[in-house]
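Structure first, then comments.
Within every chain, numbering begins at 1; the chains are lettered A, B, ... in the order of the sequence lines, protein sequences first and strands thereafter.
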2 protein chains.
Amino acid sequence: MGDMGEKDLMEDAPGAGPGTAPEPRWLGDDEQRVWRAYLHATTLLEDHLDRQLQRDAGMPHVYYGLLVQLSQAPRRRLRMTELAKSAKITRSRLSHAVARLEKNGWVRREDCPSDKRGQFAQLTDEGVEVLRRTAPGHVAAVRQAMFDRLSPEQVTQLGVIMRVMAEGLEPAGPDADLPWLR
Amino acid sequence: MGDMGEKDLMEDAPGAGPGTAPEPRWLGDDEQRVWRAYLHATTLLEDHLDRQLQRDAGMPHVYYGLLVQLSQAPRRRLRMTELAKSAKITRSRLSHAVARLEKNGWVRREDCPSDKRGQFAQLTDEGVEVLRRTAPGHVAAVRQAMFDRLSPEQVTQLGVIMRVMAEGLEPAGPDADLPWLR
DNA sequence: GACTCATCCTTGAAAGTTGAACTATCTACG
DNA sequence: CGTAGATAGTTCAACTTTCAAGGATGAGTC
């Protein structure tokens, strides 16, 4: 949480001489306040949703997101790697997660015929049922935390801002896998 | 991640009759896009900072935040509960975290003289040193992900928005511990 | 075909988190 | 005092996440 207050610790070398590490560009007071508000709000919301879903659906938010992704995919299934990408998690993490969801009976694994290394994760009927049962509560929680409290303009602004930030963080940016082209 | 697509699953009971569960207020397309952008950006950023700090400072973002909090406290120390509150984590989590940080030599525990149940977590000199060494990189990462990409207006907007959201999530709101007063 | 290298996914161990149970202490009140 | 109930912090077990390693298959090349 309250990050970036490091300035206090670093009131040294104001007139950085030659051969000195460049004085980092600290955050101004305003920026610091924004950054703290950001951390504060995002952690509170994530915690809130995690608890809400753990209580009502018996799984953390990330797992819920996986089921949602599957529910929207053709035939309710996705290759593991696709699912991992769209959920922004590592394949390793996904493996564990799917194993758990499979135990719950909400997801089933299927071999990919065209690529013997491949696996599909498919949402089961029970998985669909869990979503049907718990989605309303989840939507309500999101609405209550975000959309019911922000003006339409603010919602728009938030959307723009988040897209800008995401762009800058996209796994090493556009052409990440083609560094030799830059 | 891509949450809220549940609408697809629930195109039932449009004209909810009497005795029917109220049709939940789904998110509209715009709201859905904003929500996804939000999830996308926040998880990417948190992952990014976690990796950055794990690599450069040998600890996750949350732990780093704890050190920062301590660095700003009088005598560089805080009661466990205070620290937990300001970092928005549970006392349990904090116990584990401080144990780990103590092993690293960055934090030291001290008994509270006035309350024998109490403990202070105090930042050690080595803890200060870690911050001094790693803060610039961390600030740079934050700047690069957020402040360098947003216009001043957007930064302001973001601050307002995040404060509004945080308010609504503040542990049961103002007077949470005084429900009988409402 | 046989190599080499990339890709798909899983595994196991270590690290971190959670929620409930537990100890010790404090506070209030009769 | 003495007892009931709150508070501070830790601990345990179950669970989740990460990181590094590994097995299997695919794709390109000679």
Contact pattern, 5' to 3', of nucleotides 11-19 of chain C - B, S or - by protein heavy atom under 4.0 Å: BB---SBBB
Starting from [atom2] on [N], measure out to [atom1] on [X] and report it in whole angstrom.
X        : N      : atom1 : atom2 : answer
B:Glu110 : D:dG9  : CD    : P     : 13 Å
B:Gln52  : D:dT18 : CD    : C1'   : 17 Å
B:Asp111 : D:dT10 : CG    : C1'   : 13 Å
B:Leu49  : D:dT17 : CG    : C1'   : 17 Å
B:Arg55  : D:dC19 : CZ    : P     : 11 Å
B:Met80  : C:dT23 : CE    : C1'   : 16 Å
A:Glu102 : D:dT16 : CD    : P     : 15 Å
A:Phe120 : C:dC8  : CZ    : P     : 13 Å

What nitrogen or oxygen pairs link the protein and nucleotides 25-29 of chain D at under 3.5 Å?
residue, atom, partner, partner atom, Å
D:dT25, O2, A:Arg117, NH1, 3.2
D:dG26, OP1, A:Lys116, N, 3.1

Partner residues of [X] under the side chain to side chain contact (heavy atoms under 4.5 Å, CB included) criterion, sequence neighbours left out:
X        : answer
A:Ala73  : A:Leu78
B:Arg143 : A:Arg25, A:Leu27, A:Glu31, B:Phe147, B:Asp148
B:Lys116 : none
B:Arg117 : B:Asp115

Test salt bridge (Lys or Arg N to Asp or Glu O under 4.0 Å) applied to B:Glu110 and B:Arg76, B:Arg79, B:Arg77, the passing residue: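 The residue from B:Arg76, B:Arg79, B:Arg77 that satisfies salt bridge (Lys or Arg N to Asp or Glu O under 4.0 Å) with B:Glu110 turns out to be B:Arg77.
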Ring geometry between B:Tyr38 and B:Trp35 (parallel below 30°, tilted from 30 to 60°, perpendicular above 60°):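 Parallel: the ring planes of B:Trp35 and B:Tyr38 meet at under 30°.
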Sequence-distant partners of B:Gln144, side-chain hydrogen bond (donor to acceptor under 3.5 Å, both in side chains), two or more places apart: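 For B:Gln144, no residue satisfies side-chain hydrogen bond (donor to acceptor under 3.5 Å, both in side chains) once neighbours in sequence are set aside.
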Contacts of A:Asp30 that satisfy side-chain hydrogen bond (donor to acceptor under 3.5 Å, both in side chains) - sequence neighbours left out: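 Counting only residues at least two positions away or on another chain, A:Asp30 forms a side-chain hydrogen bond (donor to acceptor under 3.5 Å, both in side chains) with A:Arg33.
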Between N or O atoms, less than 3.5 Å apart, protein on one side and nucleotides 1-4 of chain D on the other: list the pairs.
none

Pairs satisfying salt bridge (Lys or Arg N to Asp or Glu O under 4.0 Å), at least one member in residues 49-64 of chain B, at least two apart: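 For residues 49-64 of chain B, and leaving out neighbouring residues, there are no salt bridge (Lys or Arg N to Asp or Glu O under 4.0 Å) pairs at all.
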Distance-only check: which donor-acceptor pairs under 3.5 Å involve side-chain atoms of residues 155-165 of chain A, not counting sequence neighbours?
residue, atom, partner, partner atom, Å
A:Thr156, OG1, A:Pro152, O, 3.0

Contacts of type salt bridge (Lys or Arg N to Asp or Glu O under 4.0 Å), residue A:Glu126, not counting sequence neighbours: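 Result, salt bridge (Lys or Arg N to Asp or Glu O under 4.0 Å) vs A:Glu126: none returned.
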